[in-house]
2 protein chains.
Amino acid sequence: MARPDKDSAGDTAMRILDVAEHLVQTRGFNGFSYADVAAEINITTASLHYHFPGKAELGRALIARYATNFFEALADIERRLPDAPARLQAYAELYSRVLREQRLCLCGMLAAEYQTLPAQMREAVITFFDDNEAWLTRVLEVGRQEGTFDFTGSAAGIARMIICGLEGAMLVARPYGESDRFQAAAAQLLSGLKKGVSSPTEAPAASPATV
Amino acid sequence: MARPDKDSAGDTAMRILDVAEHLVQTRGFNGFSYADVAAEINITTASLHYHFPGKAELGRALIARYATNFFEALADIERRLPDAPARLQAYAELYSRVLREQRLCLCGMLAAEYQTLPAQMREAVITFFDDNEAWLTRVLEVGRQEGTFDFTGSAAGIARMIICGLEGAMLVARPYGESDRFQAAAAQLLSGLKKGVSSPTEAPAASPATV
DNA sequence: GTCTATAGGCAGATAGAC
DNA sequence: GTCTATCTGCCTATAGAC
C-alpha cells in the first residue's frame, strides 16, 4: 500500500507472508518450517529472522493480515450487495474460493492446532471468529427486519451455526478434493433461512453459479 | 479383549494408543512426538518403536481403533434407541462427550493435517467419514419413512451437512472452552429436521439435558 | 537486508545388550 | 519387551561479516 513497486523494501516481508500463509493453510502451523518459506523465495532462514524474529511473531502477523483482508472483503460485500440473502451467499462464496485453492480458512486451521499455539496467536484466532459472528449477526438481523429471512431464535446463534458449518464443511470436504461437497453442505446449511421455506432440506442441489 | 488382566502382554500397546490418541486429539499428529508418548508411560522411545515401527503405523492403528470404537458406539445407539430422532441426538452427544474432554474428533483433527499425512492414514480418514455418512443416511431415511423427520432433499446430503456442522462446531467451540457453544450450534443444526417445525431456527436454546 | 557459519535442541529411527 | 547408546537430519535461533 505504501510502495507498490519497490522490490527491496517491505516487499520481502509481504512475500514471506504470502508463502507462509499458503503453507499454514495447507499444512498447518506445525507442519511447515522457516526453511520451507526461505527455500520458496530464495532467501536464507537468517534473513527470515530479520523480518520476523520468531515463528510466533510470524504467526501473529499472518492472522493480522488475513483478518484485515477478510474484513475488507466483507466491507466490499456490503458495498456491492444491498440485500441480506445476497450478502450471506457472498459470505459463503469467500470460503468456497479459499477451498478451491485446496486451502483451509487460516483461522480454522489454527483452531485445530489451538492448544499448541503461542498465546498471542490464540487471542487473534478468537477475535477473528468473534468479528465474523458480529458481522453475520448484523446481516441476519437486517434480513429479518427486511423480511427476507425467516427465523425466530437469536441471530447470533444462527451466525455461530453458519460459521461452524462453513468451517466444518471446508475441513471435511478438502480431503475429498471435491468442491461440490462444500457447495452442497453450504447450500443445505443456508437453505432454511429463506423466507417461505418450510424445512432446511430444500437446498437447490448446489447449482454451480450459486454460493 | 483377549487378556483383560495381563499387564505385560498387549497392554503396553494399548496404553501407547491411549496416550497417543489423546495427544493427537488435543495437539494434532504433527504436534506430538514419540518422546511425548514415551515420557507419559515411563518407557523409552526405542520400546515404542518395538510396538509401532514408525509414526505412520502408529497413526494408522490410532484411526483403526478409533473407528472401531466409534462404530461400536453407533451400533449400541441402534440397540438402545428405537426411533430416529433419539438416535440422531445420541449421535451428536458422542461428539459432545469428546469435546467436553477438550478433544477434537480424531479424524477431524487429521482432516486439518490431511496434506501432511502418510497415504495409509489418508485413506483411513476418508473411510471414517464415509462410514459416518452411511450410518447417518440410514437413520435419516428411516426417520423419514417413520414420519419423524421432515425433509425433501437427499438423506445423504443432509447427513453430510450434519457431519460438517458437528465437526466444525467442535473445531470452533474448543478454543472458547465453552461446551455450550457446541451444544447450541448442534441443536440449531438439527432443529430443522423435526416434523412440523417450519424453520431451522426454532432450536430450544441448548437445554442442558438435550443433545 | 542478506549472507555464512554455527549453535543447541529435538525429531524419528536403529543396533545390539539384557 | 525393554533398555542404553547412538545416528542423522531438521528445527528455531543467533553472531557477525558484507
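Proteins get letters first, then strands, A, B, ... in listed order; numbering begins at 1 in each. Hydrogens, waters and symmetry mates play no part in the numbers below; they use all other heavy atoms, side chains included.
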Please determine, for the side chain of B:A35, which listed nucleotide (C:dA13, C:dG1, C:dA11) has the closest atom?
C:dA11
Please check the phosphate of C:dA11 (OP1 and OP2 only) for any side-chain N or O of B:S33 closer than 4.0 Å.
yes
Could you give the CZ-to-P distance, from A:R15 to C:dT2, as a whole number of Å?
9 Å
What ring pair (Phe, Tyr, Trp, His ring centres under 6.0 Å) pairs are there with at least one residue in residues 92-124 of chain B, not counting sequence neighbours?
B:Y91-B:Y95
Which whole-number value in Å describes the distance from B:K55 NZ to C:dT14 P?
15 Å
Can you tell me which residue pairs pass the salt bridge (Lys or Arg N to Asp or Glu O under 4.0 Å) test with a partner in residues 36-52 of chain A, sequence neighbours excluded?
none
Nucleic acid contacts of residues 22-32 of chain B, taken as heavy-atom distances under 4.0 Å to DNA chain C
B:F32
Test item: side-chain donor near acceptor, A:Q120 and A:R60, under 3.5 Å:
yes
To the nearest Å, give me how far apart CG (A:L58) and P (D:dA13) are.
10 Å
Give every donor-acceptor pair under 3.5 Å between a side-chain atom in residues 135-142 of chain B and any protein atom, sequence neighbours left out.
residue	atom	partner	partner atom	Å
B:W135	NE1	B:E78	OE1	3.2
B:T137	OG1	B:E133	O	2.6

Which salt bridge (Lys or Arg N to Asp or Glu O under 4.0 Å) pairs, counting each pair once, include a residue from residues 164-174 of chain B, with sequence neighbours left out?
none
Measure the distance from CZ on B:F52 to C1' on D:dT2 and round it to the nearest whole Å.
15 Å
Mind listing the residues from residues 43-50 of chain A sitting with a heavy atom below 4.0 Å of DNA chain D? Number order is fine.
A:T45, A:A46, A:H49
Please list all pairs meeting salt bridge (Lys or Arg N to Asp or Glu O under 4.0 Å) that have one or both residues in residues 101-124 of chain B, counting only residues at least two apart or in different chains.
B:E21-B:R103, B:E101-B:R103
Using whole Å, report how far CG of A:N42 lies from P of C:dT4.
12 Å
Residue list, ring pair (Phe, Tyr, Trp, His ring centres under 6.0 Å) with A:F128, at least two apart or on another chain:
A:Y66, A:F70, A:F71
Residues two or more places apart in sequence or in another chain: which of them pass ring pair (Phe, Tyr, Trp, His ring centres under 6.0 Å) with B:H22?
none
